[in-house]
S.K.: 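Have a look at this one before I ask anything.
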Amino acid sequence: MPGNAVVKIGSDAIKTSEFDHWLQVAATTQQQQTGAVGKAAIPQPPEFTSCIATKKKTAAKPAKGQPKPTDATYKAQCKQEYESLRDSVMQFLISSAWIEGESHDKGVKLSDADVKKEFDKQRQQSFPKDKDYAAFLKSSGYVQEDLLYRIKVQNLSQKLRTKILEGTDKVTDAQIADYYNKNKSRFAQPEKRDLRIVLTKTEAQAKKAKSALDGGQSFKTVAAKYSIDQGTRDNGGLLAAVPKGQQEKALDDATFTASKGKIEGPVKTQFGYYVFEVAKITPGSQQTLDQSKASIKQLLVSQQQQKKLDAFVKDFQKKWKDRTDCRKGYVTDDCKNAPKKAATTATGASDAPAPAPAQTTTTK
């Protein structure tokens with residue numbers, strides 16, 4: 001490990017000066033998000049003396065009966081803040097170096113001219129005026145080389161992903177047919193029925209409601225008088241487009257064996273007694289293979305791509321983590337010498353969080 005480095009990846013090292021620069025950018029970005037102004041102060045390990053003093057000076061007076069925070073409490077807060085910034089910056093620097101290394105190994109190239117072209121495009125969108133761009137650089141702590149680097153890493157990541165997924169958009173007709181035949185129910189619409197219902201607490205009330213309906217009274221009148229179902233009593237007892245299996249079993253069985261237009265019931269359920277009429281029947285339907293082909297192809301392509309990406313990420317992380325040695329005090333989960341822990345659920349180095357200003361799109 002070179003004496004001026006925080007991490008060595010293969011034969012390349014990331015210098016302490018580079019880490020310090022990005023740490024200041026991250027702290028400035030974090031400070032801007034809180035609305036504070038001025039140069040962002042970074043907690044300085046291991047004693048965090050200045051950070052502790054600032055916290056003591058700016059701390060609110062404890063509520064009556066509450067003790068004052070101790071120096072140890074403030075130090076723990078400062079340590080947590082520093083480690084959060086450190087880990088964010090280390091993750092960004094390491095993951096960016098991994099992407100550059102993997103791109104080199106896979107023959108993925110990106111010219112400086114292409115990077116500059118994309119930078120100019122994003123700068124024009126975010127800062128049409130030079131003075132606004134200059135103000136951004138001054139307030140954020142960024143220099144233009146930082147923004148160019150982030151665009152380079154972002155575009156390399158995109159090109160790398162494209163290369164990894166080459167050929168995964170190919171799906172055969174046989175694959176599509178096999179999926180369709182194994183999952184036909186996913187491409188079917190069940191039979192649906194419009195019902196008119198009256199729900200009562202007792203069987204006697206249900207029989208009165210049925211008698212009134214048989215006598216020619218409308219569902220609107222009978223539901224308003226007898227029904228205890230708040231969802232349907234004010235709209236003539238209508239339950240529209242009910243698919244089989246949605247209602248309580250006794251009612252479901254009765255409604256899907258009943259003839260259209262006939263007053264049925266009472267049907268006893270856990271909710272009470274139902275009197276009902278099937279008002280409309282919409283037959284079920286089944287999409288054909290041809291009708292389903294486009295959506296099945298899209299699904300299978302997506303599954304193939306995810307499988308390919310998952311396999312790549314697993315190999316990519318192991319390959320580059322095994323090449324990554326971090327100096328004591330800068331060790332994160334991406335380092336080979338990190339403490340052993342459960343595997344992460346990361347989806348790729350390009351997703352690693354990194355310090356970025358909210359005001360510009362010229363970032364990762």
Side-chain angles (χ1 to χ4, degrees), residues 171-307 310 345 347:
V171 176
T172 66
D173 288 342
Q175 287 176 288
I176 293 173
D178 181 62
Y179 184 89
Y180 175 81
N181 290 326
K182 290 179 179 177
N183 299 276
K184 274 190 175 182
S185 62
R186 297 189 183 187
F187 304 97
Q189 288 293 329
E191 176 186 316
K192 294 180 182 179
R193 296 193 168 199
D194 289 0
L195 308 176
R196 295 279 182 182
I197 65 165
V198 176
L199 173 62
T200 64
K201 287 184 179 180
T202 67
E203 185 176 12
Q205 289 174 313
K207 287 180 177 179
K208 287 181 180 179
K210 186 173 187 298
S211 178
L213 291 167
D214 286 338
Q217 293 186 40
S218 69
F219 262 91
K220 182 177 181 180
T221 300
V222 176
K225 182 176 181 180
Y226 291 100
S227 186
I228 61 172
D229 185 67
Q230 298 297 322
T232 62
R233 63 177 296 171
D234 295 329
N235 69 341
L238 179 63
L239 280 176
V242 178
K244 184 168 178 56
Q246 182 173 294
Q247 303 300 312
E248 197 272 344
K249 187 176 187 309
L251 179 62
D252 189 71
D253 290 345
T255 55
F256 275 85
T257 55
S259 301
K260 179 182 175 182
K262 184 178 179 181
I263 307 299
E264 301 281 3
V267 177
K268 183 180 179 180
T269 73
Q270 61 179 316
F271 305 109
Y273 293 82
Y274 283 93
V275 175
F276 70 89
E277 176 190 35
V278 177
K280 178 182 176 182
I281 299 175
T282 304
S285 62
Q286 176 73 48
Q287 278 189 350
T288 66
L289 174 58
D290 283 342
Q291 290 170 330
S292 310
K293 186 172 289 187
S295 61
I296 294 174
K297 180 179 180 181
Q298 185 178 30
L299 174 65
L300 294 179
V301 167
S302 178
Q303 290 177 344
Q304 288 179 172
Q305 291 182 339
Q306 190 59 54
K307 184 177 180 180
D310 288 346
T345 57
T347 57

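For clarity, every value in this text was computed on a predicted model and none was experimentally measured.
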S.K.: Between atom CZ of F256 and atom CD1 of I281, what is the distance when rounded to the nearest 0.5 Å?
M.R.: 9.0 Å
S.K.: First locate atom OG1 of T255, then atom CD1 of I197, and finally report the distance between them rounded to the nearest 0.5 Å.
M.R.: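 Going from OG1 on T255 over to CD1 on I197, the span is 10.0 Å.
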S.K.: Would you say Q286's side chain and K184's backbone share a donor-acceptor pair under 3.5 angstrom?
M.R.: yes
S.K.: In Å and rounded to the nearest 0.5 Å, what is the NZ to OG distance from K207 to S211?
M.R.: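 One gets 11.0 Å once the value is rounded to the nearest 0.5 Å.
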S.K.: So R193 and Q247, side-chain contact (heavy atoms from CB on, under 4.5 Å) or not? Walk me through it.
M.R.: CA-CA 12 Å; R193 296 193 168 199; Q247 303 300 312; over 6 Å; no
S.K.: Kindly compute the distance separating CZ (R196) from OG (S218), expressed to the nearest 0.5 Å.
M.R.: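 OG of S218 is found 9.0 Å from CZ of R196.
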S.K.: May I have the list of side-chain donor-acceptor pairs in residues 258-275 shorter than 3.5 Å, sequence neighbours left out?
M.R.:
{"from": "T269", "atom 1": "OG1", "to": "F271", "atom 2": "N", "distance (Å)": "3.1"}
{"from": "T269", "atom 1": "OG1", "to": "G272", "atom 2": "N", "distance (Å)": "3.4"}
{"from": "T269", "atom 1": "OG1", "to": "G272", "atom 2": "O", "distance (Å)": "3.0"}

S.K.: Indicate yes or no: at least one non-hydrogen side-chain atom of L195 is less than 4.5 angstrom from one of V278.
M.R.: yes
S.K.: Any idea which heavy atoms bring E277 and F219 closest together, and the distance?
M.R.: OE1-CE1, 3.4 Å
S.K.: Check the angle between the aromatic planes of Y179 and F187 and answer parallel, tilted or perpendicular using the 30° and 60° thresholds.
M.R.: perpendicular
S.K.: Would you confirm whether Q246, through its side chain, and P243, through its main-chain N or O, come within 3.5 Å as a donor-acceptor pair?
M.R.: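 It does not hold such a pair.
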S.K.: Grab the two heavy atoms, one from T221 and one from Q217, that are nearest each other, plus how far apart they are.
M.R.: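 Nearest pair, atom of T221 first, then Q217: CG2-OE1, 3.7 Å.
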S.K.: Look up atom CD1 in I176 and atom CG in L299, then write down how far apart they are to the nearest 0.5 Å.
M.R.: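 Rounded to the nearest 0.5 Å, the CD1-CG separation comes to 10.5 Å.
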S.K.: Heavy-atom count around K244 NZ within 6.0 Å, excluding the residue itself: above 12?
M.R.: yes
S.K.: Quick one: which residue pairs count as a salt bridge (Lys or Arg N to Asp or Glu O under 4.0 Å) with a foot in residues 220-237, not counting sequence neighbours?
M.R.: none
S.K.: I would like to know whether D173 and K293 meet side-chain contact (heavy atoms from CB on, under 4.5 Å); could you show each step before the answer?
M.R.: CA-CA 9 Å; D173 288 342; K293 186 172 289 187; 4.1 Å; yes
S.K.: Working to the nearest 0.5 Å, report the span between CG of D252 and NZ of K249.
M.R.: 8.0 Å
S.K.: Output yes when a side-chain donor or acceptor of T257 lies under 3.5 Å from a complementary backbone atom of A254, and no otherwise.
M.R.: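 Confirmed, T257 side chain pairs with A254 backbone.
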